[in-house]
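Note that these values count all heavy atoms, side chains included, but never hydrogens, waters or copies made by symmetry.
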Amino acid sequence: MLEYFEYILKLANNSLVTDDIPVGAIIVKNNEIIGEGWNTREKDNFILGHAEINAIKMASNYLNSWNLSDCELYVTLKPCSMCLEVIKQSRIKNVYYLLEKPSNKREFSKTLVNCINIDPLRINYERKLSDFFKKLREK
């Protein structure tokens with residue numbers, strides 16, 4: 001495990017070149033690194049450029065699957081809420097991080113999320129989702 005953390009610390013240095021927060025991450029399956037990443041949000045001017053997301057993308061390409069069950073993620077800094085949700089959706093089994101975020105560092109959240117109830121559209125969409133998942137289960 002020590003070698004994984006030494007490696008992600010080196011990956012984090014790649015972020016410093018582009019003024020990104022120095023975070024490094026790897027995805028490991030059966031003791032093999034199948035994905036790696038570092039923060040590229042500033043470099044790419046793209047909000048999803050987090051180390052964890054970049055590592056997940058590389059691992060998914062390697063396995064030719066979004067499902068990363070039986071994989072583990074190693075990251076320098078505790079994942080943010082966005083990354084945690086992507087990690088969960090990717091089915092990653094375990095996450096190991098080196099450092100908690102500073103207590104005075106909170107995630108920015110002023111976004112309001114609202115459900116709009118327009119019955120004919122909602123009912124049509126519910127049916128569409130139900131049909132989709134029924135066909136998926138039949139496969």
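Minimum interatomic distance between A55 and A25 (heavy atoms only, all atoms of both residues): CB-O, 3.9 Å. In this structure, L77 and E100 approach most closely via the heavy-atom pair CD1-O, 3.7 Å. Of all heavy-atom pairs between V23 and A51, the closest is O-CB, 3.5 Å. Taking every heavy atom of both residues into account, K29 and S69 meet most closely at NZ-O, 4.2 Å.
With rounding to the nearest 0.5 Å, the separation of SG in C83 from NZ in K88 is 12.0 Å. Between the NZ atom of K43 and the OG atom of S15 there is a distance of 10.0 Å, given to the nearest 0.5 Å. Remark: I53 CD1 to K57 NZ distance equals 11.0 Å, nearest 0.5 Å. Interatomic distance, E72 CD to I92 CD1, rounded to the nearest 0.5 Å: 10.0 Å. Between the CG atom in D20 and the CG atom in N14 there is a gap of 10.5 Å [rounded to 0.5 Å]. To the nearest 0.5 Å, the span separating CZ on F46 from CG on N54 amounts to 9.5 Å.
Using a 4.5 Å heavy-atom cutoff, the side chains of T18 and T40 are not in contact. Between H50 and P79 the shortest side-chain heavy-atom distance does not fall below 4.5 Å. In this structure the side chain of S90 reaches within 4.5 angstrom of the side chain of V86, judged on heavy atoms.
Y97 and I21 fall within the same hydrophobic cluster, where Ile, Leu, Val, Met, Phe, Trp and Tyr residues are linked whenever their side-chain heavy atoms come under 4.5 Å apart, directly or through other members. By the rule that hydrophobic residues join a cluster once side-chain heavy atoms approach within less than 4.5 Å of another member, L11 and L16 end up as members of separate clusters. Residues V95 and L98 are members of separate hydrophobic clusters, defined by side-chain heavy-atom contacts under 4.5 angstrom among Ile, Leu, Val, Met, Phe, Trp and Tyr. Clustering ILVMFWY residues whenever any of their side-chain heavy atoms sit less than 4.5 angstrom apart, transitively, puts L73 in a cluster other than the one holding M1. Placement of I8 and M58 in two distinct hydrophobic clusters is found when ILVMFWY residues are connected by side-chain heavy-atom separations under 4.5 Å, directly or transitively.
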### Query
Between C80 and K101, does a side chain to side chain contact (heavy atoms under 4.5 Å, CB included) hold up when you go through it step by step?
CA-CA 9 Å; C80 69; K101 291 183 181 169; 3.3 Å; yes
### Message
Apply side chain to side chain contact (heavy atoms under 4.5 Å, CB included) to residues L48 and M82 and explain how you reach the verdict.
### Response
CA-CA 9 Å; L48 299 179; M82 176 187 72; 3.6 Å; yes
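Salt bridge status for K10 with E6: absent, with no side-chain N to carboxylate O gap under 4.0 Å. Ion pair K128/D131 not flagged as a salt bridge, since none of the NZ, NE, NH1 or NH2 atoms sits closer than 4.0 Å to an Asp/Glu carboxylate oxygen.
In the displayed structure, Y62 atom OH is contacted under 6.0 Å by at most 12 heavy atoms of other residues, nucleotides or ligands. In this structure, N64 places its CG atom where only 12 or fewer heavy-atom neighbours from other residues, nucleotides or ligands lie under 6.0 Å away. For OH of Y96, the number of neighbouring non-hydrogen atoms (other residues, nucleotides, ligands) closer than 6.0 Å is greater than 12.
When I56, V75, L63, I33 are each tested for a side-chain contact (heavy atoms from CB on, under 4.5 Å) with I27, only one passes: I56.
Between Y74 and F5, the ring planes lie perpendicular to each other; the angle is over 60°, past the 30° to 60° tilted range.
In this structure, T76 contributes its side chain and L9 its backbone to no donor-acceptor pair below 3.5 Å.
Shown here are the side-chain contact (heavy atoms from CB on, under 4.5 Å) partners of L136, two or more places apart in sequence or in another chain: F132, F133.
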